[in-house]
Amino acid sequence: MPRVTMPQLGESVAEGTIGRWLKKPGDRVEKYEPIVEVITDKVNAEVPSPFAGTLTAILVDEGATVPNETPIAEIETAEAAGADAPASVEGPAPASTPPAAPPPAPSVPSSTASAGASDVAAPPAVGDADARMTPAVRRLLREHGLAAEQVRGTGGGGRITRDDVLAVVEAIRAGSLSAAAPSASAPAPAAPAPSRSGRPAPAAAPVVFPPGVDEVLVPPTQMRKGIAAQMTRALQAPHAYVHVEVDATSLVRLRDALKRDYQAREGLPLSFVPFVVKAAVEALKRHPTFNATWTEQGLVAKRRINVGVAVAVDDGLIVPVVRDVDQMSINGINRAIADVAARARAGKLRIDDFGGGTFTVDNTGWFGSILTMPILNVPEVAILTMEAITKRPVVVETPQGDVIAIRSVMNMVIGIDHRANDGAQAGTFLRDVKAWLEGVGPETPVY
């Protein structure tokens, strides 16, 4: 019987957790149709079926974590159905045997058990049992023994966010939520403050200190564990940094002139990010030792330019990859980044969105940062940050002499693996990025 196995979702990912089965035994599935949501420390992704047929058995329950290549389901294909059945089969039970029941949902954390019974009773139904949410939020519900209908979603279209779940958990712990329905006048969880880009910044998980308690352990999420492990590996590489100021006045002027028509034509905003990515790609063509990865045997330069784009999500930070960026126009880059970022925030990334990155761009300026020291996305050997564009008084040379003018200025920082390149090469690379951006004008093609 053909089997679906746990895929490897990223180069350094060794295992995955079943978030939710999208199909049940007996369902017909088409080739490449998503059948299960998988959670790792890097991504929540929908895994497609490698073949068409009937899902006959689920071998791994929701919430279970298994290594890569572990069989997780069986699908009977037309070829398998026409073959003679073997006399005996070792391993999982036959398809007619129903899968094991999933383990019971964990109860409310012990910190709530000390309250009176009426205070910790399950909250009543206040939301939609079919509300949309990411696999990570669905897992958070299970961890706290909650159901979707017990949480009022404040996201777009009634989507349940991580903050919505944590607000209910906090209310239970504080004893302010009982079996009675919450007051209709109770305030909804506060939305994250908008960033300078207009997008809401991911909110930090609330920390609740019970009366008389001075310390509270905040267990890491699976994504946070993965980030910790990756950062520990990354900081084993010797980092070095180079910083420049870019006069982005012409870039801002061009983008302002194009953004309204572009939005109407393409249906999405024109960001500054694709211009920076384009500038980095042109520099990478001239400096291939920055489009590379580091191994114990030395530097591995890459012909293909696959740019990782750092995306902040509710649970942390992920870096999906946009492939062959050197073959794209500014419009193509903008569309590709907008697509992968939207799917990342919705928990809809695909398996091929990870792995194979050769260089990373991080838009740290979207929340107002003006100078950052980025950490390498190892084994890559360089990462570039674009900071907030701010208006500053600067000295400008004119034929009549130096004058002080108001210019739009953006800081940029490149972090490098000092084993692969030195500061001089990093400075030359960053100089080329700066020159491309400062050369943007009305004639710069977007398509």
Give the minimum heavy-atom separation between Ala280 and Leu384, together with the two atoms involved.
-> CB-CD2, 4.1 Å
Scan residues 229-277 for pairs that pass ring pair (Phe, Tyr, Trp, His ring centres under 6.0 Å), counting only residues two or more places apart or in two chains.
-> none
Does a donor on one side chain sit under 3.5 Å from an acceptor on the other, for Glu387 and Thr372?
-> yes
Does Arg343 pair with Asp353 as a salt bridge, N-O distance under 4.0 Å?
-> yes
Return the set of residues passing side chain to side chain donor-acceptor pair (under 3.5 Å) with Arg419 (not counting sequence neighbours), or none when no residue passes.
-> Asp417
Rounded to the nearest 0.5 Å, the CD1 atom of Ile375 sits from the CD atom of Gln230 at a distance of 10.0 Å
Contacts of Leu258 that satisfy side chain to side chain contact (heavy atoms under 4.5 Å, CB included) - sequence neighbours left out = Leu254, Leu270, Val446
Sequence-distant partners of Asn291, side chain to side chain donor-acceptor pair (under 3.5 Å), two or more places apart = Thr358
Report the residues that fulfil side chain to side chain donor-acceptor pair (under 3.5 Å) with Arg265, sequence neighbours left out, ordered by chain and then residue number.
-> Tyr447
Could you list the residues that satisfy side chain to side chain donor-acceptor pair (under 3.5 Å) with Thr70, not counting sequence neighbours?
-> none
What do you reckon, is CD of Glu443 surrounded by more than 12 foreign heavy atoms closer than 6.0 Å?
-> yes
Any side-chain donor near an acceptor of the partner, Asp164 and Thr154, under 3.5 Å | yes
Start with the C-alpha gap between Glu282 and Lys285, add the side-chain angles, then the distance that decides, and say whether side chain to side chain contact (heavy atoms under 4.5 Å, CB included) holds.
-> CA-CA 5 Å; Glu282 295 304 314; Lys285 293 177 181 177; 3.3 Å; yes
Got a sec, which pairs hit ring pair (Phe, Tyr, Trp, His ring centres under 6.0 Å) with one end in residues 375-433, sequence neighbours left out?
-> His287-Phe429, Phe290-Phe429, Phe359-Phe429
Under 3.5 Å, sequence neighbours excluded: what are the donor-acceptor pairs made by side chains of residues 398-407?
from: Thr398; atom 1: OG1; to: Gln400; atom 2: N; distance (Å): 3.3
from: Thr398; atom 1: OG1; to: Gly401; atom 2: N; distance (Å): 3.3
from: Thr398; atom 1: OG1; to: Gly401; atom 2: O; distance (Å): 2.5
from: Arg407; atom 1: NE; to: Asp247; atom 2: OD2; distance (Å): 2.9
from: Arg407; atom 1: NE; to: Thr249; atom 2: OG1; distance (Å): 3.3
from: Arg407; atom 1: NH2; to: Asp247; atom 2: OD2; distance (Å): 3.1

Output, in order, the C-alpha distance, side-chain angles, deciding distance and verdict of side chain to side chain contact (heavy atoms under 4.5 Å, CB included) for Val165 and Leu141.
-> CA-CA 7 Å; Val165 178; Leu141 282 172; 3.8 Å; yes
Does Glu380 have any side chain to side chain contact (heavy atoms under 4.5 Å, CB included) partners at least two apart in sequence or in another chain, and if so, which?
-> Thr360, Asn377
Does the side-chain hydrogen bond (donor to acceptor under 3.5 Å, both in side chains) test come out yes or no for Arg392 and Thr390, once each step is laid out?
-> CA-CA 6 Å; Arg392 307 181 201 170; Thr390 59; 3.1 Å; yes
Arg431: partners by side chain to side chain contact (heavy atoms under 4.5 Å, CB included), with sequence neighbours left out = Thr428
Could you tell me the separation between the CD1 atom of Ile414 and the CD1 atom of Ile383, rounded to the nearest 0.5 Å?
-> 9.5 Å
Residues two or more places apart in sequence or in another chain: which of them pass side chain to side chain contact (heavy atoms under 4.5 Å, CB included) with Ala147?
-> Glu149, Gln150
Take atom NZ in Lys24; do more than 12 heavy atoms of anything else shown fall under 6.0 Å from it?
-> no
Could you give all pairs that pass the side chain to side chain donor-acceptor pair (under 3.5 Å) test and reach residues 299-313, with sequence neighbours left out?
-> Arg304-Asp324
Looking at CE of Met231 and CG of Leu317, how far apart are the two atoms once the value is rounded to the nearest 0.5 Å?
-> 7.5 Å
Rounded to the nearest 0.5 Å, how far does CD of Glu266 lie from CG of Asp261?
-> 11.0 Å
